[in-house]
Amino acid sequence: MSNDTLERVRVFAPATVGNVGPGYDVLGLAIDGVGDIVHAHRIDEPGAARLLRIEGADMQPADDNTAVVGARGALALCKADFGVELVLEKGLPIGSGLGSSGASAAAAAMAVNLLAGSPLPPDAFVGVCAEAERVASGAPHADNVAPALLGGVVLLTPHGRPIRIHSELELGVALVTPAQRVETRYARETIPASIPLVEAISNNAMLATLVYALATNNAELLRGTITDRIAEPRRAPLIKGFAEAKQAALDAGALGASISGSGPTIFALCNDVAKADAVQKAMSEALHEINIAHVHRASPVAKRGAHAIDDDGKPLHQPEASA
Ligand code: HSE
């Protein structure tokens with residue numbers, strides 16, 4: 001083993017908004033400042049991944065935890081001649097719609113990659129992390145894990161290849177999370193296998209316009225494209241105060257608002273973080289008025305995906321990707 005081989009690493013992966021309105025399973029974005037942390041160290045047992053402990057959540061370590069599945073997949077991809085033991089620090093509540101399971105998988109996969117000497121780029125791990133999501137929710141969706149790995153706003157091609165959309169817009173995201181839990185597995189069952197053509201056409205137009213608006217830095221074209229006729233109407237009844245919070249966001253000037261992933265978090269996309277801050281306050285007031293307990297925040301879109309951090313939580317080594 002060479003002297004510069006890492007024995008242990010600590011990796012942060014950000015929260016994410018899945019779907020971003022019309023992009024069911026194919027569009028996601030990373031949220032700055034909040035996420036999960038995986039501590040990983042090598043063990044002399046090639047291919048093995050064991051979760052020793054979970055901190056910050058009422059959860060027991062298990063072999064089907066997404067961190068374990070992500071780490072095992074990454075060990076195989078990296079052809080690692082070692083195994084890992086993991087400690088998972090949950091910064092994200094489970095069943096909140098903030099990409100909690102995806103962040104654990106992305107952080108674990110990147111930790112393995114770093115321990116292996118970074119043989120692969122982050123996008124190589126989208127498939128194994130999507131497989132971790134399948135274990136957790138019954139369906140291998142990548143709209144959380146791809147932005148958790150890459151940062152920014154990420155589109156998945158029909159073959160699951162992630163494309164990070166480069167945009168000069170400095171968007172802000174307002175988030176309110178009602179105090180309830182929505183299981184992704186259950187929320188996915190609310191979406192029928194076939195949907196009416198009018199819904200598909202509407203979402204196609206909205207998603208294409210949204211992506212074009214981002215890529216051409218056109219915030220006004222973006223306005224109104226966070227309109228989802230597939231998942232939102234079927235899942236909104238599961239979320240306390242959804243209609244009130246969404247209306248408050250639009251009234252306060254958000255570009256659009258919808259369910260973050262499978263909920264219950266409600267997100268609103270805004271021109272900048274200052275606007276997102278005003279919008280999250282308006283959403284929060286609307287929920288207070290109807291006595292719905294919740295937490296709220298405003299953040300920029302995270303430019304950085306899963307990355308190594310030091311003991312103080314500061315990024316190590318890797319340069320920040322361009323927007
Ligand atoms: N695209 C997934 C869903 C995201 O909506 O079920 C889950 O976070």
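FYI, side chains are in, hydrogens and waters are out, and symmetry mates aren't considered; it's all heavy atoms of this structure. As the structure lists them, so they are numbered: ligands from 1, and atoms in each ligand from 1.
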Do NZ/NE/NH1/NH2 and the carboxylate oxygens of Lys246 and Glu232 come within less than 4.0 Å?
yes
Tested for side-chain contact (heavy atoms from CB on, under 4.5 Å) against Pro162, the lone hit among Leu155, Leu150, Thr157 is Leu150
Co-members of the apolar cluster containing Leu52 [side chain, <4.5 Å]:
Val87
Any protein N/O atoms within less than 3.5 Å of an N/O atom in ligand 1? List the atom names and distances, or say none.
from: ligand 1; atom 1: 1 (N); to: Asn19; atom 2: OD1; distance (Å): 2.8
from: ligand 1; atom 1: 1 (N); to: Asp25; atom 2: OD1; distance (Å): 2.5
from: ligand 1; atom 1: 1 (N); to: Asp143; atom 2: OD1; distance (Å): 3.1
from: ligand 1; atom 1: 1 (N); to: Asp143; atom 2: OD2; distance (Å): 2.7
from: ligand 1; atom 1: 5 (O); to: Asn19; atom 2: ND2; distance (Å): 2.8
from: ligand 1; atom 1: 5 (O); to: Arg235; atom 2: NH1; distance (Å): 2.8
from: ligand 1; atom 1: 5 (O); to: Arg235; atom 2: NH2; distance (Å): 3.4
from: ligand 1; atom 1: 6 (O); to: Arg188; atom 2: NH1; distance (Å): 2.8
from: ligand 1; atom 1: 6 (O); to: Arg235; atom 2: NH2; distance (Å): 3.0
from: ligand 1; atom 1: 8 (O); to: Asn144; atom 2: OD1; distance (Å): 2.9

Is Ile195 isolated, or which residues cluster with it under the ILVMFWY side-chain rule of less than 4.5 Å, directly or via members?
Tyr24, Ile191, Ile230
Tracing side-chain links under 4.5 Å among I, L, V, M, F, W and Y, which residues wind up in one group with Leu221?
Tyr212
If the threshold is 4.0 Å, N to carboxylate O, is there a salt bridge linking Arg72 and Asp63?
yes
